[in-house]
Number of protein chains: 2
Amino acid sequence: MATIGQRNRLQFIILGLLNQQPQTGYDLAKAFENEIGEFWQAQHSQIYPMLKRLEAAGEITHEDTVTGEKLAKKQYTLTPTGREKLVAWVSQPSPELTPNKDEFILKLYFIKDVDDPRIQPMLREQYRLHQAQLAHLQQRQATVFPDTSTIDQAYGHYLILDHAIAREAHYVSWLTQYLTPED
Amino acid sequence: MATIGQRNRLQFIILGLLNQQPQTGYDLAKAFENEIGEFWQAQHSQIYPMLKRLEAAGEITHEDTVTGEKLAKKQYTLTPTGREKLVAWVSQPSPELTPNKDEFILKLYFIKDVDDPRIQPMLREQYRLHQAQLAHLQQRQATVFPDTSTIDQAYGHYLILDHAIAREAHYVSWLTQYLTPED
DNA sequence: TCCCCCATGTAAGGTGTTACATGATTTA
DNA sequence: TAAATCATGTAACACCTTACATGGGGGA
């Protein structure tokens, strides 16, 4: 399955997640909403086919398990081949800046006039959104890393959360700069 | 062309760009590399078909011009319908946080060990990249907005550049926090 | 018993990237 | 005159989202 044209980063991220611990497709889908949702997203409709593809390529295997009476689960695990491929990807430089997209910023861009009455409500809405997201992330940090001693065992996780928090905090403070007090 | 399933934001961005001034597809492609490249990207292979589609929908029209002996250009302009559609989009709230993707951060995430020797080189590489991008953006700001009096006429443009600069500056300072001095 | 969550899959269609293709104009 | 840039298009394919489809388990 050549896949030369595009980078197919999803496969590596799935390998990375499975390397942390064997998981089901469902578990992976949750991870894309929670742990790493700030930096990559994928729906289950994208995950299940990819798991089949990775298994066909011999990079992962699965074990069927049953919960309760007959709920079938597939627990996926990395093979040595898969682990090699993961290590190669992680060790490889990532020399491009990731493209960013931000619909809100573009809307502001298209409103040329400083005094356009739409600007302040838009800024306030974004403020609410990002403030809420920031609070949510801080909450999670407090839960996952209650004290500094817990950081070292999951340094990557700590970094990722720290970065997400810093990013949101920064977005919020940028917005604040342009907000005028509400009447 | 219904397009209910997905959002098709590209069309609105093209309308927004054409609202600033009539342009060719080639000009638009440039804008996606420069002015707004920090917040949206599109290749010419995506732009030309979209222009046809927008014209078929009566939202833009074009005028054929010739440069030199026979180089054909198509200068596109918004129609009143197109302008209405643009205004509706701009005025509409953007209630979702834009998904972010960052391959580099994920690689860090998958390296659990604080002392993994790959971490520092990776951080330094990203530092170089973002530092260079930051310098480039600051350069552009100095060129486009030489003094504060020039801001008001293109407030949107100012905001967008300011935001991009702040974002990069922030990314760089986050990286610095984890960088150890090189030997 | 109903609802929410667990669990896995496929189908359809839109979005985006890379490559293929062609030709004119300007600048060094 | 060669290279870079202007200028427009299509084809192939990979990526991603939404919707369709089905069924089990656990708690209120």
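The analysis underlying the following values was restricted to heavy atoms, covering all of them including side chains, and did not include hydrogens, waters or symmetry mates.
Summarising the geometry, the separation between CD on A/E103 and C1' on C/dT15 is reported as 14 Å, rounded to the nearest angstrom. Atom CZ in A/F32 sits about 13 Å away from atom C1' in D/dC15, given to the nearest Å. Remark: C1' of C/dG9 and CG of A/L51 are 11 Å apart, rounded to the nearest angstrom. At whole-Å resolution of the value, CD in B/Q11 and P in C/dG14 are 12 Å apart. Between the C1' atom of D/dC15 and the CZ atom of A/R7 lies a distance of 13 Å, rounded to the nearest Å. One atom, CG of B/L71, and another, C1' of D/dT8, lie 9 Å apart when rounded to the nearest Å. Between A/D27 atom CG and C/dA7 atom P there is a gap of 6 Å when expressed in whole angstrom units. Summarising the geometry, the separation between CD on A/E33 and P on D/dT17 is reported as 12 Å, rounded to the nearest angstrom.
Between A/Y26 and C/dC6 there is a side-chain N or O to OP1 or OP2 distance below 4.0 Å. Taking 4.0 angstrom as the limit, A/K30 places a side-chain polar atom (N or O) nearer than this to OP1 or OP2 of C/dC6. In this structure, B/Y48 reaches the D/dT8 phosphate: one of its side-chain N or O atoms is under 4.0 Å from OP1 or OP2. A close approach under 4.0 Å does occur between a side-chain nitrogen or oxygen of B/K101 and OP1 or OP2 of D/dC16.
Side-chain atoms of B/E69 lie closest to C/dT25 of the nucleotides D/dT8, D/dG24, C/dT25. Listed nucleotides D/dG24, C/dT15, C/dT18 differ in distance to A/K70; the shortest reach to its side chain belongs to D/dG24.
Of the two residues contacting DNA chain D, namely A/Q46 and B/K74, the nearest-nucleotide position lying further toward the 5' end is that of B/K74. Mapping A/L10 and B/T67 onto DNA chain D by nearest heavy atom places B/T67 at the nucleotide closer to the 5' end.
For the residue pair B/D147 / B/T150, no side-chain donor-acceptor distance below 3.5 Å is found, with atom types taken as modelled.
Relative ring orientation between B/F104 and B/Y171 is described as tilted, the plane-to-plane angle lying within the 30° to 60° band.
Using a 4.0 Å cut-off between charged side-chain N and carboxylate O, A/K74 and A/E55 make no salt bridge. A salt bridge is defined here as a Lys NZ or Arg NE, NH1 or NH2 lying under 4.0 Å from an Asp or Glu carboxylate O, and B/R7 with B/E96 meets this definition.
Base engagement by A/S45 is indicated by at least one non-hydrogen atom pair under 4.0 Å involving a base atom.
With contacts defined as side-chain heavy-atom distances shorter than 4.5 Å, the pair B/F110/A/I13 qualifies.
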